[in-house]
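Remarks on the structure that follows.
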Amino acid sequence: MQEGQKVGSGSQLDGVNSDQFRYLNKNRLKTAEQFRNVFNAGKRSIDSQFIILATENLLGYSRLGMAIPKKKINRAVDRNSIKRLIRECFRNSTIVEKGYDIVVLPQNKIDVKQKERLKNSLISHWKKIHK
RNA sequence: UGAGUCAGCCAGACAAUCGCCCUGAAUUAUAAGGGAGGAAAGUCCGGGCUCUAUAGGGUAAGACGCCAGGUAACGCCUGGGCGGCGUGAGUCGACGGAAAGUGCCACAGAAAAUAUACCGCCUGUAAGGGUAAGGGUGAAAUGGUGUGGUAAGAGCGCACCGCAUAUCUGGUAACAGAUAUGGCAUGGUAAACCCCGUCUGGAGCAAGGCCAAAUAGGGAAACAUUGGUGUGACCCGCACUGUUUCCGGGUAGGCUGCUAGAGGUGUAUGGCGACGUACACUCGAGAUGAAUGAUUGUCCAAGACAGAACCCGGCUUACCGGCUGACUCCUUAA
RNA sequence: CGGGGCGUAGCGCAGCCUGGUAGCGCACCUGCCUGGGGGGCAGGUGGUCGGAGGUUCAAAUCCUCUCGUCCCGA
């Protein structure tokens with residue numbers, strides 16, 4: 001049961017948040033201006049799976065935005081499932097309580113079925129940003 | 001048992017933990033309830049709803065096209081007719097009009113539609129005449145088969161079939177059947193233009209409405225009442241009253257529409273059926289950077305196609321499998 | 001979500017409306033002109049016309065469905 005071990009090792013991150021932090025309205029990036037700020041002044045973290053942009057904000061909590069174009073991911077089912085995966089990873093990590101605005105972009109050819117791989121890459125991205 | 005046809009249904013289930021959207025008794029922090037599909041898809045049709053006199057009348061343009069019915073409506077569905085396919089259950093069909101008109105029919109062929117005559121056949125010394133049976137061309141050649149007839153032939157005559165016209169019978173009708181007459185007149189193509197009949201105003205929830213905020217009737221020049229503008233096909237009509245250009249100034253956030261509907265389920269009843277009527281019960285998504293997820297465990301037939309965005313009725317396309325019912329054919333056994 | 005357009009040779013485009021022969025330019029190959037390169041001339045190769053079905057004697061063309069791709073509209 002290798003999968004169980006991986007989750008167990010990630011539970012140090014999970015254990016902190018569970019009751020206090022949720023994916024609420026305030027944790028989302030909404031308007032076009034907020035997106036523009038991240039695109040203009042953001043740090044980048046690039047990978048074969050995702051491109052991630054981030055800036056610090058002074059709010060004390062992080063906010064997440066996603067831009068998943070139809071050109072890159074054709075079917076609506078896959079787009080939804082990627083959004084869910086990203087949101088789940090964001091919620092389960094400690095980065096929620098730090099103050100960042102984050103935008104996630106997918107790379108061109110992503111296999112939606114390889115969930116473990118996508119997750120691991122997201123977790124490493126969060127670590128990079130918070131250095 | 002095998003092969004097959006049609007109709008309908010399901011679209012992994014259960015438990016635990018964490019989490020998302022909506023409603024929300026109670027009152028500021030939590031119970032409880034609900035939460036994608038048969039195609040939500042393609043946007044191919046038809047409506048509801050909203051706005052707009054370019055909505056009225058006419059023309060144009062487009063769609064449809066056997067008959068009857070169903071429906072809010074349809075290009076959909078049901079039943080029937082006709083034709084094709086299949087041993088059969090069944091299934092498929094853009095299935096009006098070519099004796100209103102125009103166009104087209106390459107190549108080959110004598111000739112591709114007011115007909116005509118290459119090789120032939122008959123007659124004749126020949127010129128010419130008669131003829132369309134046979135050959136040949138082609139996707140298609142001016143009723144087909146047989147027989148009489150003839151110089152050779154020919155609906156020229158006759159029989160059967162086809163066709164046309166008329167009458168009668170059955171059927172609401174499409175159509176079918178019968179009888180009589182005619183004596184072959186009418187090549188194909190309408191998914192070529194077209195004719196006939198029926199229908200269609202346009203735009204679409206990013207429609208539209210409300211609140212707040214902002215802007216704001218400024219200046220200059222030119223032209224003009226034979227008008228000008230509103231034109232998204234055009235004309236008549238209708239509406240409005242100065243119009244155009246330049247300079248200066250300048251904003252876009254929230255709420256709503258938003259789900260109780262041609263809704264669903266059951267019973268009774270009318271109808272061959274699609275479907276209608278009556279009664280009872282019921283509320284089963286409503287996001288707005290956009291909710292349905294993740295992990296673990298158990299079971300099995302090992303989970304396909306695929307994600308609502310105003311809502312319905314269809315059509316088309318994608319799809320791993322499984323189940324039920326009715327029916328047909330073949331083999332074996334009884 | 002709504003409204004449009006385009007798929008034809010390796011590349012860029014005609015042909016489609018009005019159905020019978022698939023063509024143009026660049027590229028590629030061969031030969032010639034030149035001592036060689038470049039350039040020019042002549043000839044040639046190469047396309048089930050995005051896919052499936054239908055109408056027709058015959059479909060790139062007409063009709064229906066479908067798959068890609070591109071452009072508009074807060």
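Lettering of chains follows the sequences in order, A, B, ..., and the numbering in each one begins at 1.
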Using the side-chain heavy atoms of [X], tell me which of these nucleotides is nearest: [options].
X: A:R91; options: B:A290, B:C18, B:A306; value: B:C18
X: A:A76; options: B:A294, B:C18, B:A308; value: B:A308
X: A:N80; options: B:A306, B:G289, B:A36; value: B:A36

What is the separation between atom [atom1] on [X] and atom [atom2] on [N], rounded to the nearest whole Å?
X: A:F90; N: B:G289; atom1: CZ; atom2: P; result: 17 Å
X: A:M66; N: B:U288; atom1: CE; atom2: P; result: 14 Å
X: A:L118; N: B:G293; atom1: CG; atom2: P; result: 18 Å
X: A:I82; N: B:A306; atom1: CD1; atom2: C1'; result: 16 Å
X: A:R79; N: B:U292; atom1: CZ; atom2: P; result: 15 Å
X: A:E88; N: B:U296; atom1: CD; atom2: P; result: 12 Å

For [N], the Watson-Crick or wobble counterpart (both distances under 3.5 Å):
N: B:A260; result: none
N: B:G273; result: none
N: C:C49; result: none
N: B:C329; result: B:G2
N: B:G284; result: none
N: B:A309; result: none
N: C:G39; result: C:C33
N: B:G228; result: B:C240

Anti or syn - [N], cut at 90° from 0:
N: B:A176; result: anti
N: B:G38; result: syn
N: B:A60; result: anti
N: B:G228; result: anti
N: B:A29; result: syn

- Message: Testing the basics here: between A:A67 and A:P106, what is the closest heavy-atom pair and its distance to 0.1 Å?
- Response: O-CD, 3.3 Å
- Message: Between B:G307 and A:R84, counting only base atoms on the nucleotide and side-chain atoms on the residue, is there a donor-acceptor pair under 3.5 Å?
- Response: yes
Using the [atom1] atom on both, measure [N] against [M] and round to a whole Å.
N: B:A36; M: B:G276; atom1: C1'; answer: 33 Å
N: B:A60; M: B:U54; atom1: C1'; answer: 15 Å
N: B:G257; M: B:C279; atom1: C1'; answer: 35 Å
N: B:G80; M: B:C95; atom1: C1'; answer: 14 Å
N: C:C11; M: C:G51; atom1: P; answer: 15 Å
N: C:C49; M: C:G23; atom1: C1'; answer: 12 Å
N: B:A16; M: B:C21; atom1: P; answer: 23 Å
N: B:G65; M: B:C74; atom1: C1'; answer: 14 Å

- Query: Quick one: on RNA chain B, does A:L85 or A:A67 contact a more 5' nucleotide (nearest heavy atom)?
  - Reply: A:A67
- 5'-most contact on RNA chain B (nearest-nucleotide basis), A:K83 vs A:D78, goes to A:K83
Does a side-chain heavy-atom distance below 4.5 Å link [X] with [Y]?
X: A:S45; Y: A:F50; answer: no
X: A:L85; Y: A:L122; answer: yes
X: A:M66; Y: A:R87; answer: yes
X: A:I52; Y: A:I129; answer: yes
X: A:F90; Y: A:V104; answer: no
X: A:D47; Y: A:H125; answer: yes

- Phosphate contact (B:A290 OP1 or OP2) by A:R87 side-chain N/O below 4.0 Å: yes
- Residues A:I68, A:I82; criterion side-chain contact (heavy atoms from CB on, under 4.5 Å); working and verdict: CA-CA 9 Å; A:I68 299 172; A:I82 274 194; 3.7 Å; yes
